[in-house]
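Below is one structure, written out as structure tokens; the observations come after it.
Model, not experiment: these values are computed from the prediction. Whatever order the structure lists them in is the order used to number ligands and atoms, beginning at 1.
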Amino acid sequence: MEKAQLHLEGRTYELDVVIGTEGEKALDISKLRDQTGYITVDVGYKNTGSTYSQITFIDGEQGILRYRGYPIEQLAEFSTYLEVAYLLIYGELPTRAQLEDFEERIKARTLIHEDIKKFFDGFPSSAHPMGVLASVVCSLSSFYPESLDPYAPDEVVERNIIRLLAKVPTLIAWIYKKRMGHPYIYPRNERSYVNNFLYMMFGMPTYDYEPDPHVVDALDKLLILHADHEQNCSTSTVRTVGSSRANIYASVSAGICALWGPLHGGANQEVIEMLEMIKADGGNVQKWVEKAKDKNDPFRLMGFGHRVYKNFDPRAKIIKQAADQVLNALGIHDPVLDIAKKLEEVALSDPYFIERRLYPNVDFYSGIIYRAIGIPVEMFTVMFAFGRLAGWLAQWWEMRRANEPIVRPRQVYMGPGLRDYVPIAKRG
Ligand code: SDX
């Protein structure tokens, strides 16, 4: 094991160097405070690893994303979301029998308790879908008390992982139906997972509904591309909440809340709203690129930039191609897609973006497909959560099985020094 040397106050300390599977290097500082009395500080954890994980590998310089070692490009082209969910959760691609069993276990739990409808009734139809989803996912813990056991055996954890994979599509579809004032459509288990979701979203009791196969394929691909992304903000949140031994429903609900932010999963909704604004403003792309560069202007180019990817987000490349394919298949010409492509072209030739290595990220083109499918913009981030569910579940279980300690970072205190209380009468 290599060592790093740290010279502090005339003393020399040694820190273990950790090397990851792909050669990533880290300093193990787990004993730093005990050895030196010092802590490290890294606001936003831009340079700090929080765990050891075997699930997803990202190389931001090379634009590499792999789930359990499999390149995202191959999984997006050849796999299905449920097969990828199995891979993320269990660590290996399933045999046909294992996948069929996994799918059957999910089909058996696609219904939600009828009492949960009362939760939907409590929300105004204008409620943001992420707030509703976070609430009803957390409420599931009330219906499955076995999940509250902080030291539940693997079989109980696995059953609740299956419940979430099975019920979240139903919950999302019913959130949409509630917004539209339409009757809820119940799952039909003879349908495939994504087909069933679209059936519950857009079906009606008055006629049979069969989603376009191009749409099923495009959505399955989007779910795969969103399935996991190592220790991003929402996944770190799921692991953090789970580290206190809170139940899996509360942990996933917290992840949904973290993903809601416009700097994270909320960006896909912001991108479409931004593109619509540019279109309404006459399509003057250069003007908005200049605004994004102006430090005095709060406007940012949503869907651009990434904490890790500093060349390109491999998911954005795949989604851009899929957007072209699904719009052509559906015979849709979306002028907003043209604006997105022009914006990318202008930005990527601008020194501001080149110097800061800002490229389109996963959120930049995904909304074009959601829109073509007929999903309202307020539900785009819910669709991101739908895909990321598999990764959250896999990461939560990995954290639990590793018996990781409760997450409790330190800080550098910069507040007032010791001072005595002053009674209000003497405060003037
Ligand atoms: C996701 O972590 C993940 O893996 C997330 C995700 C996942 O799958 O889980 O990939 C999903 O969240 C994608 C990101 C979606 N968010 C957006 O598209 C929002 C717009 N982008 C940003 O706000 C920003 O790029 C972040 C939040 C994505 C990354 O921020 P960082 O790493 O903290 O970088 P930064 O904010 O410090 O920016 C560095 C510089 C700054 O300029 P300077 O101060 O150096 O002059 O780049 C500038 C920023 O002002 N900058 C942008 C910009 N993003 C960064 N300028 C204009 N437009 C932008 N979009």
Side-chain angles (χ1 to χ4, degrees), residues 42-50 53 55-61 63-67 72 76 84 88 130 222-239 255-275 278 285-319 340 343-344 346-348 350-367 380-381 383-392 394-395:
D42 179 22
V43 177
Y45 304 136
K46 294 191 175 187
N47 304 282
T48 299
S50 58
S53 178
I55 298 174
T56 291
F57 172 68
I58 301 174
D59 180 321
E61 299 303 323
I64 291 172
L65 170 57
R66 298 184 197 136
Y67 296 159
I72 193 65
V84 164
L88 290 169
M130 285 295 274
L222 278 174
L223 294 174
I224 290 171
L225 292 166
H226 285 81
D228 194 55
H229 215 238
E230 53 133 283
Q231 304 311 314
N232 60 85
C233 178
S234 55
T235 300
S236 300
T237 301
V238 169
R239 288 181 78 121
I256 294 168
C257 293
L259 188 72
W260 194 351
L263 295 188
H264 191 14
N268 59 14
Q269 173 175 345
E270 303 269 333
V271 166
I272 288 293
E273 290 168 353
M274 171 188 75
L275 294 171
I278 295 172
V285 162
Q286 190 61 48
K287 168 186 166 187
W288 291 91
V289 166
E290 292 310 317
K291 282 172 64 69
K293 293 158 55 180
D294 180 356
K295 287 297 167 216
N296 300 316
D297 189 324
F299 176 75
R300 276 201 162 183
L301 219 47
M302 300 312 279
F304 255 74
H306 198 278
R307 174 66 56 79
V308 177
Y309 291 123
K310 296 308 177 189
N311 276 310
F312 62 92
D313 182 334
R315 302 166 297 175
K317 291 176 80 170
I318 299 169
I319 293 173
L343 199 55
E344 177 181 5
V346 168
L348 294 192
D350 186 299
Y352 174 94
F353 292 87
I354 294 169
E355 285 157 16
R356 290 166 180 78
R357 305 173 77 185
L358 303 173
Y359 294 83
N361 59 46
V362 66
D363 292 315
F364 191 63
Y365 286 105
S366 54
F380 285 9
T381 310
M383 295 307 294
F384 192 143
F386 184 178
R388 187 52 53 88
L389 175 65
W392 286 336
Q395 296 266 357

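- Protein heavy atom in closest approach to atom 37 (O) of ligand 1: K46 NZ, 3.2 Å.
- With contacts defined as side-chain heavy-atom distances shorter than 4.5 Å, the pair I55/E230 does not qualify.
- Summary of contacts: the protein heavy atom closest to atom 17 (C) of ligand 1 is A267 CB, 3.5 Å.
- Near A292, meaning under 4.0 Å from any of its heavy atoms, are these atoms of ligand 1: 57 (C).
- Of all protein heavy atoms, the one closest to atom 20 (C) of ligand 1 is F304 O, 3.4 Å.
- Summarising the geometry, atom CD belonging to E344 is positioned 10.5 Å from atom CG belonging to L301; distances are rounded to the nearest 0.5 Å.
- One N or O on the side chain of D42 and one on the backbone of N47 form a donor-acceptor pair closer than 3.5 Å.
- Judged purely by atom type and a 3.5 angstrom limit, S234 has no side-chain atom pairing as donor or acceptor with the backbone of A258.
- Side chains of Y45 and Q231: a donor-acceptor N/O pair is absent below 3.5 angstrom, by distance only.
- Shown in contact with L358 at under 4.0 Å from a heavy atom are these atoms of ligand 1, numbered in order with element: 47 (O), 51 (N), 52 (C), 53 (C), 54 (N), 55 (C), 56 (N).
- Every atom of ligand 1 is numbered from 1 in the order shown, and the set under 4.0 Å from a heavy atom of G305 is 25 (O), 28 (C).
- Remark: side-chain polar atoms of R307 are paired, donor with acceptor, to backbone N or O of G44 under 3.5 angstrom.
- Ion pairing between a basic and an acidic side chain is recognised when a charged N comes within 4.0 Å of a carboxylate O; E290 and K287 show no such pairing.
- K293 NZ: more than 12 foreign heavy atoms inside a 6.0 Å radius.
- The N/O atoms of D363, backbone and side chain alike, include none that comes under 3.5 Å of an N/O atom in ligand 1.
- Using a 4.0 Å threshold on non-hydrogen atoms, atom 30 (O) of ligand 1 does not count as touching the protein.
- For ligand 1, the atoms lying closer than 4.0 Å to a non-hydrogen atom of G303 are 17 (C), 18 (O).
- The closest non-hydrogen atom to atom 19 (C) of ligand 1, taken over M302, R300, H306, R357, comes from M302.
- Between the N268 side chain and the S366 main chain, no donor and acceptor come within less than 3.5 Å of each other.
- Looking only at protein heavy atoms, the nearest one to atom 9 (O) of ligand 1 is R388 NH1, 2.8 Å.
- Ranking protein heavy atoms by distance to atom 14 (C) of ligand 1, first place goes to N361 ND2, 3.5 Å.
- Annotation: atom 12 (O) of ligand 1 to nearest protein heavy atom, H264 ND1, 2.9 Å.
- Counting heavy atoms closer than 4.0 Å to ligand 1, residue K295 contributes side-chain atoms (C-beta onward) but none from N, CA, C or O.
- For ligand 1, the polar-atom distance check against H229 finds a nitrogen or oxygen pair separated by under 3.5 Å.
- Looking at K310 next to ligand 1, no N or O pair under 3.5 Å apart turns up.
- Taking only nitrogen or oxygen atoms, main chain and side chain alike, C233 does not reach within less than 3.5 Å of ligand 1.
- Proximity of a side-chain donor or acceptor of Y67 to a complementary backbone N or O of I224 within less than 3.5 Å is detected.
- When each atom of ligand 1 is checked for a heavy atom of R315 under 4.0 Å away, the hits are 7 (C), 8 (O), 10 (O).
- Here atom 45 (O) of ligand 1 lies nearest to R356 when heavy atoms of K293, R356, Q231, E230 are compared.
- At a distance under 4.0 Å, a protein heavy atom can be found next to atom 3 (C) of ligand 1.
- Centroid-to-centroid, the aromatic rings of F364 and H306 stay 6.0 Å apart or farther.
- A side-chain contact (heavy atoms from CB on, under 4.5 Å) with N361 is found for one member of D313, V308, V271 and no other, namely D313.
- H226 is linked by a ring-ring contact (aromatic ring centres under 6.0 Å, His included) to F384, counting only residues two or more places apart in sequence or in another chain.
- Counting only heavy atoms, the protein gets under 4.0 Å from atom 24 (C) of ligand 1.
- The residue from N232, D228, T235 that alone fulfils the side chain to side chain donor-acceptor pair (under 3.5 Å) condition with Q395 is D228.
- Among all protein heavy atoms, the one lying closest to atom 33 (O) of ligand 1 is R307 NH2, 2.9 Å.
- The nearest protein atom to atom 56 (N) of ligand 1, hydrogens excluded, is given as Y352 OH, 2.9 Å; this is a heavy-atom distance.
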